[in-house]
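A short write-up of the structure that comes next.
Reckoned from all heavy atoms, side chains included, excluding hydrogens, waters and symmetry mates. Predicted model only: the values in this text are computed from it and were never measured.
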Amino acid sequence: MTINLDQIRTAVINYVDTKVTVTISNPATSGPNINPGESFTVTLTATNADAANGGVPLKDVVWYVVIQDEDIATFEVPTNPPLVARSGLSRNLPTLTPGSNVREMYLFPSSILGNFRSVGSNNLIPSPIAGNYLSVGDTDSISLTCQAGDGSTGGTCFMFAKIFATVDHDWLYPIDQDSASGVKGITVVG
């Protein structure tokens with residue numbers, strides 16, 4: 001099979017956009033409707049492609065959520081790990097105040113570096129962390145609390161969710177692969 005190496009780059013860039021699906025559940029409320037000032041929850045689910053559909057593992061998963069109109073609803077910044085909310089897609093940005101209400105946020109696992117696992121002779125890499133790694137065919141979900149606006153007129157707006165992730169290079173480019181063995185019979189005459 002002949003390919004140009006830039007095709008690998010293009011395939012990696014397109015992978016998360018075409019092979020991962022993200023869904024948002026219907027809001028869970030205490031009654032049949034969301035009332036002004038009421039809290040409700042939504043569950044976000046990301047599903048990675050399975051092996052039959054060309055799935056590859058993803059690491060460093062970051063969730064991004066945004067509500068179209070903050071007068072209608074907002075997200076509550078999670079107060080407990082394993083998620084840390086930031087205002088942008090950089091781990092260097094300050095964290096958002098837990099319990100505050102925001103229109104949008106990026107949700108990072110609280111610790112990118114977990115336990116280490118050995119790969120090859122002397123190479124250590126971080127082990128997958130729950131919520132931070134999507135194996136082939138894997139599904140991961142998070143639940144978020146939202147707050148309806150106080151306006152008595154209500155309204156309708158859209159909520160959006162997606163993930164950012166990195167293809168697991170250690171899986172894609174395995175190291176220390178062995179070749180087929182060379183075999184030769186040796187006869188010693190005594």
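Both Ile8 and Val56 are assigned to one and the same hydrophobic cluster, defined by single-linkage of ILVMFWY side chains at heavy-atom distances under 4.5 Å. Residues Tyr15 and Ile3 are members of one and the same hydrophobic cluster, defined by side-chain heavy-atom contacts under 4.5 angstrom among Ile, Leu, Val, Met, Phe, Trp and Tyr. When hydrophobic clusters are built by joining Ile, Leu, Val, Met, Phe, Trp and Tyr residues whose side-chain heavy atoms come closer than 4.5 Å, directly or via intermediates, Val12 is grouped together with Ile163. Val77 and Ile72 fall into different hydrophobic clusters, where Ile, Leu, Val, Met, Phe, Trp and Tyr residues are linked whenever their side-chain heavy atoms come under 4.5 Å apart, directly or through other members. Hydrophobic clustering (ILVMFWY, side-chain heavy atoms < 4.5 Å, transitive): Leu96 and Leu93 are in distinct clusters.
Panel note: side chain Asn132, backbone Val61; a donor-acceptor pair is recorded below 3.5 Å. Of the possible donor and acceptor atoms, none in the side chain of Ser181 sits under 3.5 Å from a partner among the backbone N and O of Val183. Of the possible polar contacts, one joining the Gln147 side chain to the Gly37 backbone as a donor-acceptor pair under 3.5 Å is found. With hydrogens and angles disregarded, no donor-acceptor distance shorter than 3.5 Å links the side chain of Glu104 to the backbone of Val66. Side-chain atoms of Asn4 never come within 3.5 Å of backbone atoms of Asp6 as a donor-acceptor pair (strictly under, hydrogens ignored). With hydrogens and angles ignored, the 3.5 Å screen pairs no side-chain donor or acceptor of Glu38 with any backbone N or O of Pro36. A donor-acceptor contact shorter than 3.5 Å links the side chain of Asn48 to the backbone of Ser135. Formation of a donor-acceptor pair under 3.5 Å by the Asn33 side chain with backbone atoms of Asn35 is not found in this model. Formation of a donor-acceptor pair under 3.5 Å by the Lys19 side chain with backbone atoms of Gly54 is not found in this model.
Tyr133 and Asp138 share no side-chain donor-acceptor pair at under 3.5 Å.
Ring-plane geometry between Phe160 and Phe158 is classed as tilted, the angle between the planes lying from 30 to 60 degrees on a 0 to 90 degree scale. Note: Phe164 and Tyr64 have perpendicular aromatic rings, judged against thresholds of 30 and 60 degrees for the angle between ring planes.
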side-chain hydrogen bond (donor to acceptor under 3.5 Å, both in side chains) for Asp17 and Asn14? Distances and angles first, verdict last.
CA-CA 5 Å; Asp17 200 32; Asn14 292 329; over 6 Å; no
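Counting all heavy atoms, side chain and backbone alike, Val16 lies closest to Ala165 at CG2-O, 4.1 Å. Residues Trp171 and Pro57 come closest through the heavy atom pair CD2-CD, 3.2 Å. Closest approach of Ile24 to Met159, counting heavy atoms only: CD1-O, 3.5 Å.
Each of Thr45, Thr47, Thr23 was checked for a side-chain contact (heavy atoms from CB on, under 4.5 Å) with Ser141, and the lone residue meeting it is Thr45.
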